[in-house]
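Report on the structure given below.
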Amino acid sequence: NGENWFKANQPPVGQFYHVTVDEAKPYRVYGGLQDNGVWTGYTTRQRTSDANYDSLQYRSIAGGDGMMTQVDTRDNKTVYTGFQFGSYNRLHLDTGGSKSVRPQAMLGEEKLRFNWLTPILLSRHNQDVFYIGSQFFHRSMNQGNTIEKLSKDLTNGAKEGDVPFATISTISESPFRFGMLYVGTDDGNVHLSNDGGYNWTAVNAGLPKGLWVSRVVASRHALNRVYVTLNGYRNDHFAPYVFRSDDNGKTWRSIAANLPLEPVNVVLEDPKNDSILYVGTDGGLYVTKDAGASWQSWQKNMPHAIPVHDIAIQERENEIIIATHGRSLYIASLNEMHGIKEEKKETRRRNFEE
């Protein structure tokens, strides 16, 4: 009857759509959550001015349903983030203020359709270059101050519904070549551009038709390699769709192997070993060490049967961050995965907390 109270903050139940990291020391994690905006914070406790430990120092930087974040790692303070249907802004973590980087249709032009989780990307070749997708591919060369529509409609055409459909759902740029770009759409298309987004070629022949392209990832290990995942639950397809191409999408082969019947949300290459891949499904986290010939669950102490919507890797610290839709974020060292002894990592953690 209210005589005694306890703080019921366990278990953490954040519903993350997306996660990314910056290159600050120590680095920050950024995540967009369903109904709870975008938050950023450290993975280790930081000493405050009064010599006490703060919490993990997470703070909100955007509202709405939190979506993707991209960080300009030249200063680790300039951030592009926002909420549903392409409502993105460029902001500065210290000075505040924001500028919209959402493309607008010109008078007389076709209305823009934005995916619920509209994809954005900063080019790692030049971080003044900002990409965003509607049904068209848009590019800014000046941090979003001006934005051009470069492509034709890359989808199969608008369909009436409760939310916009026939939209770009994922964007990737080759780490090897500026302007070598891939996009995937929520109605099954995958396109390749070799000239920065002006001209596009469909490369989805050989892939299942009409399914939501949940991720397209240009390889960091081989110029002509690209990965695609499709999520079919909206079409009552529950097979795991994971594909690899070694010829820029001309031909594809499935690398789903023994993955269970769970819709796939994300695939990510290991930065050190091109035979290691990570996959997040609606049922958990999986890893392959043989380039997709076989997969195993990599849950360890994570909750089982939990949707994994995104994966990020902080390369300097060799850590992987898993965004779950329901049980918040999980972090692990990749040293064991790479056969590296843990002494150095333990020292780094201990030093931060001393």
Side-chain angles (χ1 to χ4, degrees), residues 17-21 32 67-73 80 86 88 114-115 117-127 129-140 150-151 154-155 167-204 207 211-231 241-252 255 264-271 274 276-280 292 309-313 315 323:
Y17 287 121
H18 179 261
V19 66
T20 193
V21 297
M67 296 296 159
M68 293 186 69
T69 300
Q70 291 287 283
V71 183
D72 189 332
T73 57
Y80 299 74
Y88 284 105
F114 291 97
N115 194 278
L117 177 51
T118 299
I120 60 173
L121 183 67
L122 281 186
S123 175
R124 294 310 178 199
H125 301 281
N126 178 352
Q127 293 183 80
V129 179
F130 170 77
Y131 304 122
I132 184 170
S134 58
Q135 71 269 44
F136 308 109
F137 180 81
H138 306 265
R139 184 187 67 185
S140 171
L150 297 187
S151 75
L154 296 175
T155 74
T167 64
I168 292 174
S169 53
T170 177
I171 301 171
S172 183
E173 183 176 36
S174 171
F176 293 99
R177 184 178 296 168
F178 174 68
M180 183 177 174
L181 295 151
Y182 295 90
V183 300
T185 71
D186 58 14
D187 58 0
N189 291 344
V190 180
H191 282 83
L192 164 67
S193 174
N194 284 304
D195 60 4
Y198 290 103
N199 295 285
W200 295 86
T201 301
V203 293
N204 50 291
L207 294 174
L211 302 184
W212 191 292
V213 182
S214 56
R215 205 62 53 108
V216 58
V217 178
S219 173
R220 59 182 304 139
H221 295 291
L223 173 64
N224 298 322
R225 186 178 303 163
V226 59
Y227 299 90
V228 162
T229 62
L230 299 103
N231 186 312
Y241 296 109
V242 186
F243 294 88
R244 168 177 161 170
S245 172
D246 289 297
D247 54 13
N248 302 112
K250 293 184 179 68
T251 61
W252 297 93
I255 56 170
V264 178
N265 301 311
V266 57
V267 61
L268 186 65
E269 281 186 316
D270 186 90
D274 66 351
I276 299 176
L277 299 168
Y278 309 95
V279 155
H309 275 212
D310 202 16
I311 305 170
I313 292 176
E315 294 183 42

Does a donor on one side chain and an acceptor on the other come within less than 3.5 Å for S219 and E269?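 A donor-acceptor contact under 3.5 Å links the two side chains.
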If you look at every heavy atom in [X] and [Y], which pair is closest and at what distance?
X    : Y    : result
G86  : I132 : O-CD1, 4.4 Å
M180 : L192 : CG-CD1, 4.2 Å
H18  : M67  : CB-O, 4.1 Å
P119 : I171 : O-CD1, 3.8 Å
A218 : P175 : O-CD, 4.0 Å
S193 : G196 : OG-N, 3.7 Å

Given L181 and F137, is the side-chain contact (heavy atoms from CB on, under 4.5 Å) satisfied, shown in steps? CA-CA 10 Å; L181 295 151; F137 180 81; 3.7 Å; yes
How would you list, by chain and number, every residue that makes a ring-ring contact (aromatic ring centres under 6.0 Å, His included) with Y88, sequence neighbours excluded? none
Distance (rounded to the nearest 0.5 Å) between [X] [atom1] and [Y] [atom2]:
X    : Y    : atom1 : atom2 : answer
T155 : F136 : OG1   : CZ    : 8.0 Å
S214 : H309 : OG    : NE2   : 10.0 Å
R177 : N224 : CZ    : CG    : 7.5 Å
Y80  : L121 : OH    : CG    : 11.5 Å
Y131 : I120 : OH    : CD1   : 13.5 Å
I276 : L268 : CD1   : CG    : 11.5 Å

Taking side chain to side chain donor-acceptor pair (under 3.5 Å) as the definition, give me every residue that meets it alongside [X], ordered by chain and number, with sequence neighbours left out.
X    : answer
N231 : N265
T118 : none
T170 : none
S172 : none

Quick one: does [X]'s side chain get under 4.5 Å of [Y]'s, heavy atoms only?
X    : Y    : result
V213 : V228 : yes
W200 : V183 : yes
T185 : W212 : no
S169 : L117 : no
R225 : F176 : no
L207 : V190 : yes
V279 : V264 : yes

Using the test salt bridge (charged side-chain N to carboxylate O under 4.0 Å, His left out), find all partners of D186 that sit at least two apart in sequence or belong to another chain.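 Here no residue qualifies.
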Partners passing salt bridge (charged side-chain N to carboxylate O under 4.0 Å, His left out) against R244 (at least two apart in sequence or in another chain):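 Per chain and number, R244 pairs via salt bridge (charged side-chain N to carboxylate O under 4.0 Å, His left out) with D246.
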Side chain to side chain contact (heavy atoms under 4.5 Å, CB included) with [X]: which residues, sequence neighbours excluded?
X    : value
S245 : V226, D247, W252
N199 : D195
Q127 : D72, T73, R74, L122, R124
H125 : S123, E173, F178

side-chain contact (heavy atoms from CB on, under 4.5 Å) between S140 and V129: does it pass, once the steps are laid out? CA-CA 6 Å; S140 171; V129 179; over 6 Å; no
Going by the salt bridge (charged side-chain N to carboxylate O under 4.0 Å, His left out) test, which pairs reach into residues 212-224, not counting sequence neighbours?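 Listed by first then second residue: R215-D310, R220-E315.
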Spell out, as yes or no, whether a donor-acceptor pair under 3.5 Å connects the side chain of N189 to the backbone of L154.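 Yes, the answer is positive, given that a donor and an acceptor are paired below the 3.5 Å cut-off.
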Determine whether V217 and Y182 satisfy the following criterion, side-chain contact (heavy atoms from CB on, under 4.5 Å), listing intermediate values before the conclusion. CA-CA 8 Å; V217 178; Y182 295 90; over 6 Å; no
Begin from the C-alpha positions of I255 and L277 and carry the test side-chain contact (heavy atoms from CB on, under 4.5 Å) through to its verdict. CA-CA 10 Å; I255 56 170; L277 299 168; 3.7 Å; yes
